[in-house]
A.B. asks: 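Sharing a structure below in structure tokens format, with a few things to ask.
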There are 2 protein chains.
Amino acid sequence: MSKTPTPPPALTRRGAATRARIIETAADLIHAHGAERTSLDDVMEAGGFSKSQLYHYFSDKNALVLEVIRFQTERVLAAQDPHLGTLDSLYALRRWRDALLAINAAGGTTGCPLGSLASEVSNDFETARLDCAAGFAKWSGLLELGFARMQARGEIGPSADPHSLGIAVLSAVQGGLLLAKTARSGEPLRIALDMAIAEVARHTTTGAA
Amino acid sequence: MSKTPTPPPALTRRGAATRARIIETAADLIHAHGAERTSLDDVMEAGGFSKSQLYHYFSDKNALVLEVIRFQTERVLAAQDPHLGTLDSLYALRRWRDALLAINAAGGTTGCPLGSLASEVSNDFETARLDCAAGFAKWSGLLELGFARMQARGEIGPSADPHSLGIAVLSAVQGGLLLAKTARSGEPLRIALDMAIAEVARHTTTGAA
DNA sequence: ACCGAACTGGACTTGACAGTCCAATTCCGC
DNA sequence: GCGGAATTGGACTGTCAAGTCCAGTTCGGT
């Protein structure tokens with residue numbers, strides 16, 4: 001579908017609530033099954049909406065998928081609060097690690113909601129790829145901010161590149177989550193996160209491991 | 001589709017060649033578009049087969065997808081030869097890294113053929129998940145073998161765990177490839193691989209970086 | 001109280017897609 | 001050379017799925 005996603009007209013409170021519920025229902029199903037294997041009928045049945053409601057709020061299925069990407073980006077980042085937003089030390093980084101492992105264990109190793117979507121859409125759905133890339137950039141940007149704070153405080157040496165560290169850590173997260181999803185085991189994420197932390201620790205001025 | 005994949009009956013040379021071509025054609029399309037967005041008609045048109053040929057060699061689409069997973073596992077590992085199979089030093093690991101970056105650059109950052117499939121199938125297609133997990137295990141097992149050789153030669157210290165290092169390195173690869181695919185940039189893979197190498201280097205007995 | 005816009009229900013259309021089936025062709029073993 | 005199994009061609013069926021359309025209901029502003 002090639003319609004540009006129309007900015008929604010002014011919604012009533014009731015309309016906004018319905019739209020939000022559609023997005024959340026779709027997000028859950030798409031995370032479990034993938035966008036292609038989630039039909040609009042599935043979303044209708046799971047959330048109790050009608051077809052007219054779907055097409056009242058979204059021009060087509062792709063428009064809904066784009067909203068799901070934005071929603072999952074916010075939800076995935078929010079789930080890492082307050083750890084991600086206040087990252088400023090190796091100690092805080094370890095707290096963030098522990099929180100991620102707990103989230104993954106509680107969620108049943110079904111993979112990263114944003115990462116799985118990014119993998120699925122990036123070769124064929126350009127607007128979706130850009131939105132996923134923006135989501136990853138936001139995520140690694142928050143990590144970068146934390147590493148920059150650590151550098152400003154002198155915990156990380158001046159030669160370290162907070163941008164690269166942010167990308168390295170996010171790579172470890174995504175790879176660990178993918179292997180965890182495939183193996184149905186928390187081990188890969190734990191190992192990947194420990195590598196990521198060791199990478200950051202390598203740049204600390206005390207060389208603490 | 002719930003039919004168990006029937007082991008193929010004895011094939012003539014011609015039949016075996018056709019079957020292999022179907023698998024390779026399907027593998028290329030599935031890598032570009034994903035399994036769900038690749039129809040059997042797409043495979044037929046791309047490879048010049050008929051529907052009867054597809055169903056002569058494969059009980060259903062899922063059986064074909066399983067063969068594609070096995071094919072991609074072998075092809076992805078073979079593409080890293082000789083580097084992956086002869087890994088026995090930090091120097092060799094760096095040669096492997098360079099080869100992976102070159103492969104990714106040449107392939108156009110379309111993601112890992114095995115990783116993308118693993119992400120797509122792992123929540124809903126159990127046999128496929130197991131085959132992808134086996135593929136990842138084979139890959140990390142080869143890395144582990146290399147790290148075990150390095151440990152046996154004394155290049156890596158006795159407290160290092162080659163198994164964990166194998167998983168850590170593969171996590172970096174998969175995460176780097178996913179971010180590279182999403183960003184359409186080689187940077188994330190390069191950064192992720194350098195983190196992985198630093199992680200292995202951290203365990204070397206000379207502490208060389 | 002009424003009107004109109006927003007919201008909701010659900011029947012329907014069209015095309016895609018996996019899979020089935022009938023039949024023709026090819027080729028290898030005897 | 002022939003027979004039969006393997007291979008190939010392609011029409012067809014049934015179901016799924018995105019999207020359209022008509023109409024009823026709700027609710028807020030006037």
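We name chains A, B, ... by the order of the sequence lines, and we start the count at 1 in each one.
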A.B. asks: Specify the separation, in whole Å, of atom NZ of K61(B) and atom P of dC17(C).
C.D. replies: 9 Å
A.B. asks: Could you give the CG-to-P distance, from D41(B) to dA11(D), as a whole number of Å?
C.D. replies: 12 Å
A.B. asks: Does dA6(C) have OP1 or OP2 under 4.0 Å away from a side-chain N or O of Y57(A)?
C.D. replies: no
A.B. asks: Would you mind reading off the distance between L11(B) atom CG and dA5(D) atom C1', rounded to a whole angstrom?
C.D. replies: 13 Å
A.B. asks: Report the distance from atom CZ of F58(B) to atom P of dT7(D), rounded to the nearest whole Å.
C.D. replies: 12 Å
A.B. asks: Measure the distance from CD on E36(B) to C1' on dA18(C) and round it to the nearest whole Å.
C.D. replies: 11 Å
A.B. asks: Please determine, by modelled atom types, if H31(B) and S116(B) share a side-chain donor-acceptor pair under 3.5 angstrom.
C.D. replies: no
A.B. asks: Could you check whether E24(A) pairs with R75(A) (Lys NZ or Arg NE/NH1/NH2 to Asp/Glu carboxylate O, under 4.0 Å)?
C.D. replies: yes
A.B. asks: Using modelled atom types and a 3.5 Å cut-off, is there a donor and acceptor pairing between side-chain atoms of E67(A) and backbone atoms of A63(A)?
C.D. replies: no
A.B. asks: Are R149(A) and F147(A) in a cation-pi contact, defined as NZ or CZ under 6.0 Å from the six-membered ring centre and within 45° of the axis?
C.D. replies: no
A.B. asks: Return the value, rounded to whole Å, for the distance between atom CE of M44(A) and atom P of dA11(C).
C.D. replies: 10 Å
A.B. asks: Rounded off to whole Å, could you give me the CG-to-C1' distance for the L54(B) and dC21(C) pair?
C.D. replies: 15 Å
A.B. asks: Roughly how far, to the nearest 0.5 Å, is OG of S164(A) from CZ of R190(B)?
C.D. replies: 6.5 Å
A.B. asks: Take nucleotides 21-30 of chain D nucleotide by nucleotide from the 5' end and write B, S or -, depending on whether a protein heavy atom sits under 4.0 Å from the base, only from the sugar-phosphate, or from neither.
C.D. replies: B----SS---
A.B. asks: Would you mind checking if D124(A) and R129(A) are paired as a salt bridge, meaning a charged N to carboxylate O distance below 4.0 Å?
C.D. replies: no
A.B. asks: Could you tell me how far apart I22(B) (CD1) and dT8(D) (C1') are, to the nearest whole angstrom?
C.D. replies: 10 Å
A.B. asks: Examine dT8(C): is either OP1 or OP2 under 4.0 Å from a nitrogen or oxygen in the side chain of Q53(A)? Give yes or no.
C.D. replies: yes
